[in-house]
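Both backbone and side-chain heavy atoms feed into the values below; hydrogens, waters and symmetry mates do not. Chain naming here is simple, since letters A, B, ... match the order of the sequence lines and numbering starts at 1 in each.
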Number of protein chains: 2
Amino acid sequence: MFGAVTIKDIAKALGLSTSTVSRALNGSYEIGAETKKLVQEYAEKVHYRPNPIALSLKDQKSHSIGVVVAELANNFFSQAINGIESIAYSSDYHVIITQTHESHEREIANVEHLMSRHVDGLLVSVASGSTDLKHFQSLRDRGFPIVFFDRVVDDIEAHKVVTNNFKGAFDATELLINNGFKRIAHIAMASNLAISRERLNGYKAALEKHGLPFDAEYVKHCLHGGRAINEVEEAIAELMALAEKPDAVFSGSDRITIGCFGTFKKMGLTVPNDVAMVGFTDSDVTELFDPPLTVIRQPAFQIGQMATEMLIKQIRSKYPVTEFVTETLSTELIERGSAKNTAKP
Amino acid sequence: MFGAVTIKDIAKALGLSTSTVSRALNGSYEIGAETKKLVQEYAEKVHYRPNPIALSLKDQKSHSIGVVVAELANNFFSQAINGIESIAYSSDYHVIITQTHESHEREIANVEHLMSRHVDGLLVSVASGSTDLKHFQSLRDRGFPIVFFDRVVDDIEAHKVVTNNFKGAFDATELLINNGFKRIAHIAMASNLAISRERLNGYKAALEKHGLPFDAEYVKHCLHGGRAINEVEEAIAELMALAEKPDAVFSGSDRITIGCFGTFKKMGLTVPNDVAMVGFTDSDVTELFDPPLTVIRQPAFQIGQMATEMLIKQIRSKYPVTEFVTETLSTELIERGSAKNTAKP
DNA sequence: TTGAAAGCGCTAACAC
DNA sequence: GTGTTAGCGCTTTCAA
């Protein structure tokens, strides 16, 4: 192709057979020391690189892993992929990324496409609308390596890597409680996402632990995750119309948080004096808010790394894997300015 | 591998030779209509998919393209890659992404790695520190397909896709001028980036066109692109300490913009009443600011798409390409609230 | 210690 | 119209 040296070229140049060259290059012990040295030095000199395609064909491994996510533009996923790349790269796998855009049909098509490319394994965060999981199940049944991350499914036996959403939400809520806030609202993402439910449960648990009542009126869901600013604005309007206005808000995503900041400002409310805030975050722009946002940070990068490590281990395993683990990665509470209690120090 | 049906399996099952099956599948005209139909239906039935690895080995094409960018976590690049993926996917190429983290050494290593994977072409946005470009030049000399995007290099003959940074900055500045602002500051990214210089030139040109003096004191550079909030804070402090305070700021990046917003708030300045703002943006969070930011939007997605289209065309070209084009994509001016002139309507 | 040859999946030049 | 064969780059029995 573009100046690629093959084993054959080396063999010809050195007057050896291709098999001898191959063995020398792979350090086989049954090769004369001089021959070996000769070959290796020559290979080095001409910059020989084994053709990965030929290797793939030979041993029926493509050395690539397929990734199925909702949206590359989503910060969580782009960071997770960052982590995936970092491990894959150093393990000499390459990564084929596909996006579902939350469509079940595209999910199936993507898996099909990845399989036709003979990927050695799959890293999957299921589309939010996917209930029928036959396409994954049949692969798992045949022992095909899959690791699910972030948005996982209960019904399939496989390795999984998730965020501890429950504890993250618990921590966020408890921090607010410990800082003296009593009427804590929660503005969450769509309720059909498991991660939303887990966070809601964490929120409830913290209230309960501290003897605060749970009030359904304090919980608002944004169907579009705050993508439409009105969603958030309306949620806050409703909250602030309550007889007992909340004195703090725990937000379920960056978009919601940003919406909250905008709306508060519009209403003339300052953070944290009038309303304190803690957010669940995928990114780091919230650090630059004013006041800097106190957040629960998702370890997106690490999730990607860990999922990839588990997958590659499974791919390389000599024996079929039968024990499956679910790794739960902790969120990190980062205290900045937005959850301070300025009234009661 | 995992249930993959080969041409051989089909041949055996149907009592034909592999070549007949191959031809039938490829719709060769010199095959009996019945045989062809028989084969195609059977292939369909058993869900036959050609092995892309075998094809690659055969025709010396990997059907993959290599991408070299600074940082996946950078919004501009993740959106550009989104565009790259969208075209590559539908053209049946897959994409191998590598990151330089702005290191020249890693750039060389990545190119080397991609070449050893036999990618059919390269999509490159050069690392900010790269001055020595031998690794690209020698590939180009051998006619290897490369398309540069965003951060391009003048010295190498190749297709290129860039943003019209000059015009974007010109538009931003002119909008502020047209809205009645007279003392327009520019807070820019590191001055060693070509894109910074182009934007600065656009800014100057707009001032000149409208007969406003250029004042070097109104231009501040942030070496770290606003990554450290102090950078921006200090820049603004200096600007606001001037005898003639600026009445508007044109910001060179999202991070800088966010820093500006925070700093203004801290100083008790409101946007746009005290200072108007226009930003250069890669993302859409700025829409949710308060006030929503008026921006020059970079067509990151389209840049990725166009670069990929050009690359694939070049890869598929029967003849060596000798005419090279530089596509310049326009930015989009999106007026929202931050550049309104509340004093003079 | 080294070489010859087969085979991974597929295509294409060359038979017949 | 269909089969045979060689070959893409590499590894690995099997012989020598």
* Among D:dC10, C:dG3, C:dT11, which is the nearest nucleotide to the side chain of A:Tyr48? -> D:dC10
* Asked: Nearest-Å distance, CG (A:Leu55) to P (C:dC8)?
  -> 16 Å
* Asked: Of the nucleotides C:dA4, D:dG3, C:dC10, which one has an atom closest to the side chain of B:Asn51?
  -> C:dC10
* **Donor-acceptor side-chain pairing of A:Asn110 and B:Tyr89 below 3.5 angstrom** => yes
* Asked: Side-chain donor or acceptor of B:Arg49 under 3.5 Å from a matching atom on the base of C:dG9?
  -> no
* Result of checking A:Glu102, A:Glu71, A:Glu107 against A:Arg151 for salt bridge (charged side-chain N to carboxylate O under 4.0 Å, His left out) -> A:Glu102
* Asked: Does OP1 or OP2 of D:dG1 have a side-chain N or O of B:Lys36 closer than 4.0 Å?
  -> no
* **salt_bridge(A:Glu41, A:Lys45) N-O dist < 4.0 Å** => no
* Side chain of A:Gln60 (C-beta onward), nearest among C:dC10, C:dG9, D:dG9 -> C:dG9
* Asked: Which is true for A:Ser56 with a 4.0 Å heavy-atom rule: it touches a base, it touches only sugar-phosphate, or it touches nothing?
  -> nothing
* Give one of base, sugar-phosphate or nothing for A:Ser19, where a contact means two heavy atoms less than 4.0 Å apart. => base
* To do: Step through it carefully: locate the ring centre of B:Tyr42, locate the ring centre of B:Tyr48, and say whether they are under 6.0 Å apart.
  => no
* Structure fact -> Among D:dT11, D:dG9, C:dG3, the one nearest any side-chain atom of A:Thr18 is D:dT11
* For atom NE2 of B:His63 and atom P of C:dG9, their distance in whole Å -> 19 Å
* Asked: Considering only side-chain heavy atoms of B:Thr35, which listed nucleotide, C:dT2, D:dG1, C:dC14, is closest?
  -> D:dG1
* Please give, in whole Å, the distance from C:dC8 P to B:Ile7 CD1? -> 14 Å
* Test: A:Lys313 and A:Glu309 ion pair at under 4.0 Å -> no
* Structure fact -> To the nearest angstrom, the CG-P distance between A:Leu38 and C:dT2 comes to 10 Å
* To do: Compare the minimum distances between each of C:dG9, D:dT4, D:dC10 and the side chain of B:Ser17, then state the nucleotide with the smallest one.
  => D:dT4
* Report which part of the nucleic acid B:Leu57 touches: base, sugar-phosphate, or nothing (heavy-atom distance under 4.0 Å, all strands). => base
* To do: Starting at atom CZ of B:Arg23, determine the distance to atom C1' of D:dT5, rounded to an integer number of angstrom.
  => 12 Å
* Verify, without hydrogens or angle tests, whether B:Thr6 (side chain) and B:Lys8 (backbone) share a donor-acceptor contact under 3.5 angstrom. => yes
* Asked: If you look at every strand shown and take non-hydrogen atoms under 4.0 Å, does B:Asp59 touch a base, only sugar-phosphate, or nothing?
  -> nothing
* Asked: Rounded to the Å, how far apart are A:Arg117 CZ and C:dC10 P?
  -> 15 Å
* Asked: Which comes earlier along DNA chain C counting from the 5' end, the contact point of B:Thr6 or that of A:Glu34, where each point is its nearest nucleotide?
  -> A:Glu34
* Asked: Whole Å only: how far is the CG atom of A:Asn26 from the P atom of D:dG9?
  -> 17 Å
* To do: Provide, to the nearest angstrom, the distance between the NZ atom belonging to A:Lys58 and the P atom belonging to D:dG7.
  => 18 Å
